[in-house]
Structure formats: C-alpha cells, structure tokens
Amino acid sequence: MSILDKQKTIDDLRTKIAACTRCSLHETRSNTVPGEGSVDARIMFIGEAPGRNEDLQGKPFVGRAGDVFDKLLASVSLTRDDIYLCNILKCRPPNNRNPLASEIAACVGSLDIQIRTVNPDVIGTLGNFATSYVFEKFKLAPVKISQVAGQVFEVDTEWGPKKIVPVFHPAVATYNVHKIDELIEHFQAFKEFNLKTV
Ligand code: URA
C-alpha cells in the first residue's frame with residue numbers, strides 16, 4: 001500500500017473512531033484517542049488505554065507514563081516521529097480501571113486496521129493487555145510478561161514476517177521509580193533493529 005493510501009485509511013479510521021458508540025466508554029470520554037505517528041513506521045507500539053491526560057488531549061501517552069515512554073524511546077535513539085503509537089482501547093475507562101473483555105472485543109477492530117495498514121516489521125507491546133492481545137492474534141502461546149519482557153518473538157503473518165517484543169508498561173515506573181532501569185534494559189531489544197524512519 002502506498003503511503004498516501006495508508007494515510008487515507010488511517011485518516012478515515014480516525015473519523016470512524018471519533019463517532020464510535022460500540023461500547024459504553026463513549027458516554028464518559030472527552031475525546032477519542034485513536035493513535036498517532038508515522039503511518040509508514042517500521043515499528044508500532046501498542047499500549048493499554050488512554051488515561052486522564054490522553055482523554056483530555058486526544059493523544060496517546062501525554063501524561064506521566066508518556067514521559068517515561070519518551071525516555072525509553074530516547075534510550076534506543078528513537079523519537080515519536082519514527083514510530084506509530086496507539087492503544088488497545090481508544091477511549092478512557094473511568095478512573096483508569098482495567099479494560100473489560102467486552103470493551104476490548106468492541107474496540108480491537110480498529111487496532112487490527114492500524115496493524116494491517118501501517119504493517120510494521122516490529123510490534124512493541126506495552127504491558128499485559130497489549131501483549132495478551134497481540135500474542136493471541138499472531139497465535140503465540142500465552143505468556144507472563146514478567147517472564148518475557150525484552151525478548152523477541154518472530155511470527156509469520158499474512159502481511160509478512162514480524163517481530164513482537166513485549167515490555168512492561170511504562171506506567172510501572174511512575175509507581176516505582178526504581179523500575180526505570182529494568183524498563184530501559186528491556187527496551188534495548190529494539191536496538192537490534194534499524195528502525196529509524198528514513
Ligand atoms: N497508558 C496507556 O496505556 N496508554 C496511554 O495512551 C496512556 C497511558
């Protein structure tokens with residue numbers, strides 16, 4: 001797919017997400033948070049769900065977890081311009097509770113379109129929810145993130161081979177500052193690939 005076609009698909013999806021009423025989260029959201037970044041990125045990161053700041057601004061990872069995420073990206077010489085960044089859920093769950101299975105089921109059609117359209121070589125899954133969904137989607141056996149963070153899993157998909165790299169959710173380091181070293185260590189897995197957008 002050409003970059004222009006990718007951009008059009010992602011722009012159309014953004015419009016559809018903005019009008020989405022497939023689950024009850026539309027009743028409490030201020031804004032949808034569809035995702036952003038380069039539609040031609042070689043790496044996509046998938047988080048869990050928007051928090052308060054993301055809901056207010058309509059952008060992913062703009063709160064404290066976003067500050068941690070930017071540090072992690074910088075530790076492997078990447079910037080947000082090099083990546084595509086989105087979440088499993090496009091609307092904020094009230095009080096930042098965990099996503100419900102029914103909300104995930106209602107929402108992942110959009111994520112599937114994002115994965116298919118951007119068609120990255122590498123997918124970084126941030127935390128348990130993204131890891132579970134992506135592992136199941138690509139028929140990998142379920143894992144505990146604590147046992148596989150920073151490891152590289154290779155899968156063959158109908159859109160070509162991909163590498164999946166699960167890492168802890170950046171919010172972990174906002175609850176426990178000592179976790180940042182471990183997160184940075186796991187993130188070094190991304191250095192192995194040449195992921196800068198040219
Ligand atoms: N946590 C997430 O998983 N996604 C965001 O966009 C912000 C915080």
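The structure displayed is predicted, hence computed values, not measured ones.
Taking the centre and axis of the six-membered ring of Phe168, the NZ or CZ atom of Lys179 falls inside the cone set by 45° and 6.0 Å.
Asp82 is not listed as a side-chain neighbour of Ile43, based on a closest heavy-atom distance of 4.5 Å or more. Using a 4.5 Å cut-off on side-chain heavy atoms (C-beta onward), Phe135 and Phe153 make contact. Two residues are said to be in side-chain contact when any heavy atoms from C-beta on lie closer than 4.5 Å; Val68 and Ile180 meet this criterion.
Taking all atoms of both residues into account, the shortest heavy-atom contact from Pro50 to Glu54 is CB-CB, 3.7 Å. Considering every non-hydrogen atom in both Ser38 and Asp81, the closest pair reads CB-O, 3.7 Å. Across Ala130 and Gly47, no two heavy atoms sit closer than the pair CB-O, 3.8 Å.
At a cut-off of 3.5 Å, with distance as the only test, no side-chain donor of Gln57 or Asn53 sits close to an acceptor on the other residue.
Between Phe138 and Trp159, the ring planes are perpendicular. Angles over 60° get that label, and only those under 30° would be called parallel.
Under the 3.5 Å distance criterion, the side-chain polar atoms of Lys90 are matched with a main-chain donor or acceptor of Asn87. With hydrogens and angles disregarded, no donor-acceptor distance shorter than 3.5 Å links the side chain of Glu192 to the backbone of Val152. Within the 3.5 Å criterion, the main-chain N or O of Pro120 finds no donor-acceptor partner in the side chain of Arg42.
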